[in-house]
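A, B, ... follow the sequence lines: proteins, then strands. Residue 1 opens every chain.
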Amino acid sequence: MKPLREKLSSLVAEAFRTAGLDPSLGEVVVSARPDLGQFQCNGPLPAAKAAKANPRQIAQAVVDRLAHDDVFRYVSVAGPGFINLSLTDEFLATHAREMRSDQNLGCAPVASPQRIVLDYGGPNIAKPMHVGHLRAAIIGESLKRLARYLGHDVVGDVHLGDWGLQMGMVIAELARRRPDLPYFEATRSGPYPSASPVSASELEEIYPTASQRAKADPGFAEAARQATFELQQGRPGYRALWRHLVDVSVAELKADYDRLEVGFDLWLGESDAQPWIPPLIERLRAGGHARESEGALVVDVAEAGDAKELPPLLLLKSDGAALYGTTDLATLDHRVRDLGAQRVLYVVDKRQADHFTQVFRAARRTGIAPPAVGLEHIGFGTMNGSDGRPFKTREGGVMKLRDLLDLVTAKARERIREAGVARDYPPDEVERIAQLVGIATLKYADLSNHRAKDYIFDLERFSSFEGRTGPYLLYAAVRTRSILRKAAEAGLVPGTLAPAADDVERGVLLTLARYPDSLHAAFENRAPNILCDYAYELATAFTRFYQEHHILSQTDPARRASWLGLCDLTVRVLLQVLELLGIRVPERM
RNA sequence: GCGCCCGUAGCUCAGCUGGAUAGAGUGACGGACUACGAAUCCGUAGGUCGCAGGUUCGAAUCCUGCCGGGCGCGCCA
């Protein structure tokens with residue numbers, strides 16, 4: 001089925017056409033002045049400019065050709081030449097009925113689905129996930145669900161940071177602490193113990209320590225570089241040790257992502273790209289794309305019109321080691337050739353914008369990414385503390401994701417106790433509800449910020465349950481379900497939607513009709529905050545409705561059944577949008 | 001220095017491919033629980049959209065300059 005706005009736009013476009021005007025100007029949008037109409041068309045203004053005519057006369061000419069009494073209740077020309085449109089309640093109700101019987105709730109899949117690889121992880125082995133990883137995970141998860149819902153074929157890859165200098169740091173630090181471990185015997189080639197020599201908690205502590213040591217001690221920094229190089233060269237002890245580190249770390253990461261309800265289809269990492277690097281380098285050398293510069297091997301990426309000079313992408317350091325960009329190019333090569341990606345989206349901190357410009361350009365020049373393959377860096381803003389500086393805990397350290405989740409969940413538990421509503425629920429259900437409320441709070445608070453903007457990480461805000469928050473949306477959905485449940489207990493079933501009887505009910509139907517628009521806008525702009533806005537608007541419109549109209553005590557059976565139908569459609573749309581945000585709703589709360 | 005991003009109500013933020021009277025939440029104030037759940041709803045107050053020009057019938061939105069803040073700029077990821 002067609003979205004409401006498209007139905008209206010094609011009617012108005014047809015009127016433009018018969019008036020001898022450009023039909024593309026007939027686009028209809030939701031009115032900015034609800035007191036004057038439900039929808040508006042601004043097309044007469046640009047049409048008048050093109051025709052050097054009076055816009056109000058143009059608007060009137062269009063209106064005169066717009067005779068659809070079954071669709072429009074009211075059509076008028078206003079201001080400098082706006083066309084205001086309001087629908088008949090019958091037409092609006094018919095549209096809502098179609099939505100209700102459509103399996104996609106009126107949001108048709110895209111015309112040309114693509115295979116999309118979405119890279120939204122980037123957690124580092126040996127570093128605990130902290131609040132900085134939150135955004136990539138939840139923005140990426142939402143975009144993945146949205147793209148999939150719209151019909152795209154999406155592969156989500158965690159793209160682990162499991163290679164490079166950080167691994168060398170951990171190895172060097174371990175060698176310092178426990179030189180007697182068999183992994184450090186230079187001549188040995190195995191076998192090695194099957195159990196990891198380090199625990200998850202030790203691993204979390206070891207990297208920060210090593211990183212600080214490297215800053216203070218040039219000798220240690222050199223040892224870390226050397227270890228990195230030898231790991232890359234395949235030194236058996238280091239490889240065996242590395243395997244342990246990865247396994248221990250991945251188990252922890254999976255637990256954190258599970259708790260966040262963020263999932264990946266692929267658990268590949270930078271290390272998986274390493275075997276692809278030597279042949280790729282050969283290809284680039286043979287193709288004349290790579291050149292020596294200051295001892296390193298580089299691909300030039302500067303272009304004539306650049307506002308600033310972009311340094312070349314470094315493939316190999318002067319010591320022959322591969323770098324970040326090299327791994328990214330090799331990974332991209334794999335995604336295009338082996339995974340068949342038609343579009344690759346990178347949900348990564350926007351501070352890496354230059355890096356992605358380099359990688360994308362290098363990929364274009366070298367043919368790794370043919371022109372038909374879309375490459376996008378979906379940058380997101382930095383998370384700061386309330387002082388506007390990068391976020392730190394009160395003790396000055398980074399806050400672990402796990403601690404944040406615990407904190408929000410504890411707040412949710414407290415709130416549930418205060419509200420007293422779940423007094424007679426089993427304790428394990430209360431706990432499940434607290435988890436869901438915590439996740440909803442966190443995700444909604446983060447996703448409702450525009451993706452690209454820096455934002456203040458405010459614990460108060462992240463654990464607020466009132467107003468425009470995740471819990472508000474859960475509450476709205478749960479209460480609506482509760483009405484349907486009580487109706488079912490009384491033997492009442494949702495029925496055919498009747499035309500709206502007042503502005504509040506009309507408002508719900510109009511908001512429901514915007515559902516496909518909001519999904520498409522959210523995906524096209526890679527902006528989940530558009531979904532957040534929509535979910536909130538739908539929830540408030542409906543909450544207002546049931547606050548003003550008592551559904552179960554309505555004595556007219558047809559009206560009562562229609563209102564229950566409205567509950568049914570609203571809750572289905574709301575649950576779907578929440579699912580696209582990665583927010584799950586409890587049965588009751 | 002060069003480049004990118006940001007500056008909207010006391011606070012936190014939407015709105016930015018130009019459209020009419022700039023919206024939410026929060027905080028403040030006032031109202032609504034003998035009916036489907038008050039984590040709710042209704043209302044009031046609150047704005048030189050950083051500043052100055054420009055383009056346009058029309059600018060928070062586009063362009064230029066300035067002020068303020070953040071970030072990035074070759075061998076870390």
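Checking A77(B), C75(B), G72(B) against the side-chain heavy atoms of Ser318(A) singles out C75(B) as nearest. Here the side chain of Leu314(A) is nearest to one of C4(B), A20(B), G74(B), namely G74(B). When the nucleotides C75(B), G3(B), G19(B) are ranked by their closest atom to the side chain of Asn42(A), G19(B) comes out on top. Residue Thr540(A) has its side chain nearest to C41(B) when only C41(B), C75(B), G3(B) are considered.
Here, A45(B) and G10(B) have their C1' atoms 13 Å apart, quoted to the whole Å. Atom P of G19(B) sits at a distance of 11 Å from the matching atom of A59(B), rounded to the whole Å. Separation of the C1' atoms belonging to G54(B) and G18(B) is 15 Å when rounded to the nearest angstrom. Comparing the C1' positions of C49(B) and A22(B) gives a spacing of 7 Å, expressed to the nearest Å. As rounded to the nearest Å, U44(B) and C67(B) have P atoms that lie 42 Å from one another. C6(B) and U12(B) have their C1' atoms separated by 15 Å, with the value rounded to a whole Å. Atom P of C63(B) sits at a distance of 15 Å from the matching atom of U55(B), rounded to the whole Å.
Computed from coordinates, the Glu292(A) CD to G74(B) C1' distance equals 14 Å when rounded to whole Å. A straight line from NZ of Lys308(A) to C1' of G74(B) spans 12 Å, rounded to a whole angstrom. Note: CZ (Phe380(A)) to P (C71(B)) measures 16 Å, nearest angstrom. If you take CG of Leu329(A) and C1' of C75(B), they are 15 Å apart, rounded to a whole angstrom. Asn124(A) has its CG atom 11 Å from the C1' atom of C76(B), to the nearest Å. If you measure from atom CD of Gln212(A) to atom P of C76(B), you get 19 Å, rounded to the nearest angstrom. Atom CD of Glu222(A) is separated from atom P of C75(B) by 15 Å (rounded to the nearest Å). What separates CG of Asp35(A) from P of G23(B) is a distance of 11 Å, to the nearest Å.
When the side-chain contact (heavy atoms from CB on, under 4.5 Å) test is applied to Arg365(A), the partners found at least two apart in sequence or on another chain are Asp300(A), Glu303(A). In this view, Lys411(A) satisfies the salt bridge (charged side-chain N to carboxylate O under 4.0 Å, His left out) rule with no residue, not counting sequence neighbours. For Ala363(A), the side-chain contact (heavy atoms from CB on, under 4.5 Å) partners at least two apart in sequence or on another chain are Leu329(A), Leu332(A), Ile368(A), Ala369(A), Leu375(A). The side-chain contact (heavy atoms from CB on, under 4.5 Å) check on Tyr425(A) picks up Ala422(A), Glu429(A), Val430(A), Ile433(A), Arg588(A), with sequence neighbours excluded. Remark: Phe39(A) pairs with no residue by the ring pair (Phe, Tyr, Trp, His ring centres under 6.0 Å) rule, at least two apart or across chains.
The side chain to side chain donor-acceptor pair (under 3.5 Å) contacts involving residues 163-173 of chain A comprise Asn124(A)-Gln166(A), Trp163(A)-Gln274(A), Glu173(A)-Arg176(A), Glu173(A)-Arg177(A), Glu173(A)-Arg213(A), where partners must be two or more places apart or lie in separate chains. Each salt bridge (Lys or Arg N to Asp or Glu O under 4.0 Å) pair with one or both residues in residues 121-137 of chain A, not counting sequence neighbours, appears once here: Arg135(A)-Asp446(A). For the salt bridge (Lys or Arg N to Asp or Glu O under 4.0 Å) condition, the pairs that include at least one residue of residues 539-553 of chain A, sequence neighbours left out, are Arg544(A)-Glu548(A).
By the 5.5 Å and 30° criteria, Phe82(A) is stacked with the base of A20(B).
Residue Asp162(A) places no side-chain atom within donor-acceptor reach of the base of A77(B), judged by atom type and a 3.5 Å distance cut-off alone. Interface remark: the Ser448(A) side chain does not form any donor-acceptor pair with the G25(B) base, using a distance-only criterion of under 3.5 Å.
Side-chain contact, Asn529(A) with Ser448(A): no donor N or O sits under 3.5 Å from an acceptor N or O.
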Quick one: side chains of residues 41-51 of chain A, donor-acceptor pairs under 3.5 Å with protein atoms, not counting sequence neighbours, listed by atom name and distance.
unit_1   : atom_1 : unit_2   : atom_2 : d
Asn42(A) : OD1    : Gln40(A) : NE2    : 2.7

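Looking only at side-chain heavy atoms (C-beta outward), Leu566(A) and Phe542(A) come within less than 4.5 Å of each other. In this structure, the side chains of Leu564(A) and Ile483(A) come closer than 4.5 Å at one or more pairs of heavy atoms.
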*Would you write the dot-bracket representation of RNA chain B, where each base gets (, ), [, ], | or . depending on whether it forms a Watson-Crick or G-U pair under 3.5 Å and with which partner?*
(((((((..((((.....[...)))).(((((.......))))).....(((((..]....))))))))))))....
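With the nearest nucleotide of RNA chain B identified for both Gly325(A) and Leu36(A), Leu36(A) has the one nearer the 5' end. Of the two residues contacting RNA chain B, namely Ile530(A) and Arg291(A), the nearest-nucleotide position lying further toward the 5' end is that of Ile530(A).
Within the structure, a side-chain polar atom (N or O) of Asn529(A) is placed less than 4.0 Å from OP1 or OP2 of G15(B).
A cation-pi arrangement, defined by a distance under 6.0 Å to the six-membered ring centre and an angle within 45 degrees of its axis, is present between Arg468(A) and Tyr536(A).
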Just the table, please: protein N/O against nucleotides 5-12 of chain B N/O, every pair under 3.5 Å.
unit_1 : atom_1 : unit_2    : atom_2 : d
C5(B)  : O2'    : Lys350(A) : NZ     : 3.4
U12(B) : O2'    : Arg461(A) : NE     : 3.3
U12(B) : O2'    : Arg461(A) : NH1    : 3.4

*Let me have a per-nucleotide readout for nucleotides 28-40 of chain B, 5' to 3', with B, S or -, counting only protein heavy atoms under 4.0 Å.*
-------BBBSBB
